[in-house]
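Numbered from 1 within each chain, the chains take letters A, B, ... in sequence-line order.
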Amino acid sequence: MLEKTFDPKSVEPRLYDAWETSGAFSPDAAPADAPAYSIVIPPPNVTGSLHIGHALNNTLQDILARYHRMKGEAVLWLPGTDHAGIATQMVVERKLAAEGNISRRDMGREAFVDTVWKWKAESGGQIVRQLRRLGASCDWSRERFTLDEGLSAAVRKVFVQLYREGLIYRDKRLVNWDPHFQTAISDLEVEQKEVDGAYWHFAYPLADGVTYEHPIAFDEDGKATGWETRNYIVVATTRPETMLGDTGVAVHPDDERYAGLVGKAVILPITGRRIPIVADEYADPEKGSGAVKITPAHDFNDFGVGKRAGLAAINVMDAFGRITAADAPEVPADYEGMDRFAARKAIVARAEEEGWLKEVEKTRHMVPHGDRSGVVIEPWLTDQWYVDAKVLAQPALKAVEDGSTVFEPKSYEKIYFEWLRNIEPWCISRQLWWGHRIPAWYGPNGEIFVAETEAEARAQAGDLPLIQDEDVLDTWFSSALWPFSTMGWPEETADLKRFYPTSDLVTGFDIIFFWVARMMMMGVHFMGEVPFRRVVINGLVRDEKGQKMSKSKGNVIDPLEVVDELGADPLRFTMAILSGTRDIKLSKQRIEGYRNFGTKLWNAARFCQMNECRLDPAFDPAGAKLALNRWIRGETVRAAREVSAALDAGRFDEAANALYRFIWNVFCDWHLELAKPVFQGADEAAKAETRAMTAWVLDQTLKLLHPVMPFLTEELWAQTAAFSGVTRETLLISAPWPQLPDSYLDAEADADMGLVIAAVSEGRSVRSELGVPLSAKPDLYVTETSDRAREVLAANAAVISQMLRVGAVRFEAAPQGSAPIVLTGAALALPVAEFIDVAAESARLMKELAALQDTVEKTRKKLDNADFIARAKPEVVEETRGRLAEAEAAHAKLSAAVQRLEGLA
RNA sequence: GGGCGGAUAGCUCAGCGGUAGAGCGUCUCGUUUACACCGAGAGGGUCGGGGGUUCGAUCCCCUCUCCGCCCACCA
């Protein structure tokens, strides 16, 4: 006998091993002519440990993998991890510091990289082991790492080819500089945060004794009515420290206030630098004073102005964000080495002291921060490598426009388009040590040699001494190649041939730009074919209040703890059923609810076992005779179709809902209950058929639920076989997906069982509302009925009597004071006069009557509308007529019953 | 500032032209041997406001209000 509940703890590891050793995870087990289905995993950071977001994302992938595998496809779910440049370097550096070791810089590049590899070997595989706890059916024999030898070769090849095509180039321009990590980062790695700040208004004195009239008084229309003579020009800034690098002041060419000043100069305070006043449309007359200081070396907009106006770009900061006079000798020595924020204070203090601070205006404004470091990003002038993303973006855009790749949900395509259409050059060099070293070598005079190996570079360079570029590539550069590099590119491997393009990519919307778009660009460019046919976007897991989960808030749900406590299946089911929304509000209670669902199915199987519902390989569902069995057979077909359609559409929530409804509300609530009287009855033929059908339905159910709840179903697959005394040919993971014929549907059985179910439901409702005690077993009177309904009610008298807890089912007029039950096709009555509070019952019936009356009136009105008859679709009109007839009939029956009741009173 | 979502039962959400739904929670009843991780029943909604299109609008269009997200923005 099955235990009372499923025990995931003891079963899960055993089943996972069984799956893996069976070879089911590998596509090589499938026939050579099987259609291919492939997914590459979004590689988690090798530093990572499994969090709830991974649980969601990988559950969905596993559902797809298992579903397609059962459909007989050759499924490759390719796993792996990402070396995660900054994140990993950070982790290891922190560990070195915590253990009191020498720092990265002291230890040197080679030793440090060795340390990271060592760390990776020891603790890098954690997340991969954790994925198994979820039941992830990845092909571990094909596991890859972005920094392994094969993928590194792919990275070098891609870099070299793009360089030769002119799509990778080196450029000196402003980058987002992270002074904490001392590396450039891409636009995407910058996070705008609103912080308290101020506009400091500075007066820069005009050079050469120049003065001008500046308006200070205005009339109602904003026209100037009063002026003062000024020998200075006011500029405002949120970053006073950058003034040390100012090389100009810009005003709008049409700004009359400053028209006479263009071409003149100011003397920059502190440095004494003489800088020109230039006209540029960037200056907005509406903002501040209308004049803006220009610091080409420290501001993206100013860089552009500087270029247009021919202003010098003077760098005044070092890599740490400290003031330096290295390129700006006029900067006084007392600022040298001063942190940028200290310098800000010092300069404001000095401005106030010297009288050129005109105003301080408090404000909140957006300031760029490094997404990893959290420090303020400094625009900084450096040499970096760039990808010409604009060019690569065009075919990537086209591929989604023409449907070669589709997004699910489709609305994410807009986000994708929006970003790719406005894409900027991608800065790919990072001043880190952990990553793919840039395959570029420099000669003594700055000559650049880009090659896949040093030997090739030397061959190009001849006798020149070469030094390799110190920098590594952005982690996302290698991730962008993931769908083909993992399959062995640039070799022409069998896997590439069979599994590229991949079928589905399942990922979060937060990395559409970082990853999806870039894979599209690289995939289309290098493979001539999109990297995936469909992108299934999943939401973000939050706590039950909708807040982001974070350690500091203490609201994290650890998937591994959940698996320990409740098992992997409930977590998976929860992920699936909640996956339809953008924000997934997860609570422990919810997961427990779906654990209960699993237990429900477990107990249904237990019931089957107790009632000897054994699998019979010779049983043919098509031959079923009983309406009950023909009906549940049809319900099974509908459930199978709903689940298949939902999974095909990437709608995991719909699939889970369909499974929940079918298993709980159809199979358990009705079929098993309706089958009980059969099992307890004496009709051996009916009993045998019902047992066989019930076992068959349970078996189909296990298959349908398997992709979502693999452990519980696999265990039941074994248990049901055991108590049936049959041997399974394969594990459930490799069993064929149900494909059931139309002929299993049976409209007549549906109608018949519909009537029985309605009789029981309505009858229960009446009993409950009247407060008829369970001990009372009145007879049930069928007072009006069609011939068919009479036949059905007679045939199912035993079931109805047991489920409704009534005595005999009598086909005759009911005694006075019976409670009416009005159904489609029949009217029933329960003689429960002794329990009836006439007033309460009368109220109940009047309420029901009023509702019917309402329906009748509304429907009649609709049908009286000539426009409706003329313009609505004929079938709608027909349906409405039918509804009216039904409501009128019910109304008549109820009215009669009410009259009888009133006669009683 | 630009764009994209969303507003439906107490909560979380489905439905998206033709009779307003589910899960959870609430209330009442129940231990009838699959299951109390359960069963039976009930209550609960001017489908955010206003306009329009239509025979008919929760659903389509316009508009307003409020929430969320993404991108841009350091004078």
Work out how far the [atom1] atom of [N] is from that of [M], and round it to whole angstrom.
N	M	atom1	answer
B:G39	B:G25	P	12 Å
B:C24	B:A20	P	24 Å
B:G44	B:C70	P	41 Å
B:C37	B:G68	P	39 Å
B:C27	B:G43	C1'	7 Å
B:G6	B:A75	C1'	36 Å
B:C61	B:G23	C1'	34 Å
B:G15	B:C73	C1'	40 Å

Of the listed nucleotides B:C73, B:C24, B:A40, the one nearest the side chain of A:Met366: B:C73
A:Val292 side chain, from C-beta outward: closest of B:A72, B:A75, B:C24: B:A75
Check the distance between [N]'s [atom2] and [X]'s [atom1] and give it to me in whole angstrom.
X	N	atom1	atom2	value
A:Asp371	B:C70	CG	P	13 Å
A:Leu770	B:A40	CG	C1'	15 Å
A:Phe300	B:C73	CZ	C1'	13 Å
A:Arg421	B:C4	CZ	P	12 Å
A:Glu418	B:G3	CD	C1'	6 Å
A:Glu769	B:C27	CD	C1'	14 Å
A:Ile423	B:A72	CD1	P	12 Å
A:Met243	B:A75	CE	P	17 Å

Atom pairs, protein N/O to nucleotides 57-60 of chain B N/O, distance under 3.5 Å:
none

Upstream residue (5' side of RNA chain B) when A:Leu188 and A:Thr363 are each assigned their closest nucleotide: A:Leu188
Within 45° cone and under 6.0 Å: A:Lys861 NZ/CZ vs A:Phe868 ring: no
A:Phe341 six-ring centre to A:Arg344 NZ/CZ under 6.0 Å and within 45° of normal: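 Because its charged atom misses either the 6.0 Å distance or the 45° angle limit, A:Arg344 does not stack over A:Phe341.
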For the residue pair [X] and [Y], does the interplanar ring angle fall in the parallel (under 30°), tilted (30 to 60°) or perpendicular (over 60°) class?
X	Y	answer
A:Phe667	A:His671	parallel
A:Trp419	A:Phe513	parallel
A:Phe509	A:Tyr412	parallel
A:Tyr660	A:Tyr594	perpendicular

NA contact type, [X], heavy-atom cut-off 4.0 Å: base, sugar-phosphate, or nothing?
X	result
A:Ile233	nothing
A:Ala283	base
A:Pro368	base
A:Tyr282	base
A:Tyr660	sugar-phosphate
A:Asp284	base
A:Arg239	base

Criterion ring pair (Phe, Tyr, Trp, His ring centres under 6.0 Å) on A:Tyr258 and A:His252, from CA distance to verdict: CA-CA 8 Å; A:Tyr258 304 113; A:His252 195 276; over 10 Å; no
Secondary-structure string, 5' to 3', Watson-Crick or G-U under 3.5 Å, | for another-strand partners, for RNA chain B: ((((((((.[[[[.)..(..]]]].(((((.......))))).....[[[[[..)....]]]]])))))))....
Summary of protein contacts for nucleotides 7-22 of chain B, nucleotide by nucleotide, where a base hit scores B, a sugar-phosphate-only hit scores S (4.0 Å, heavy atoms): -----SSS---BB---
Contact state string [nucleotides 29-38 of chain B, B base, S sugar-phosphate only, - no protein heavy atom under 4.0 Å]: -S-B-BB-BS
Has the side chain of [X] got a donor or acceptor atom that lies under 3.5 Å from a matching backbone atom of [Y]?
X	Y	value
A:Thr295	A:Ala297	no
A:Arg572	A:Val708	yes
A:Ser289	A:Ala291	yes
A:Asn657	A:Asp653	yes

Within-4.5 Å side-chain heavy-atom neighbours: A:Lys600 and A:Arg595: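 They are not in side-chain contact.
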All side chain to side chain donor-acceptor pair (under 3.5 Å) counterparts of A:Lys410, not counting sequence neighbours: A:Glu413
Atom CD of A:Glu875 with >12 non-hydrogen neighbours under 6.0 angstrom: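 Enclosed.
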Residue A:Lys858 excluded, over 12 heavy atoms near NZ under 6.0 Å: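 No, NZ of A:Lys858 has 12 or fewer neighbouring heavy atoms, counting only those of other groups under 6.0 Å.
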Contacts of A:Phe514 that satisfy ring-ring contact (aromatic ring centres under 6.0 Å, His included) - sequence neighbours left out: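 Counting only residues at least two positions away or on another chain, A:Phe514 forms a ring-ring contact (aromatic ring centres under 6.0 Å, His included) with A:Trp476.
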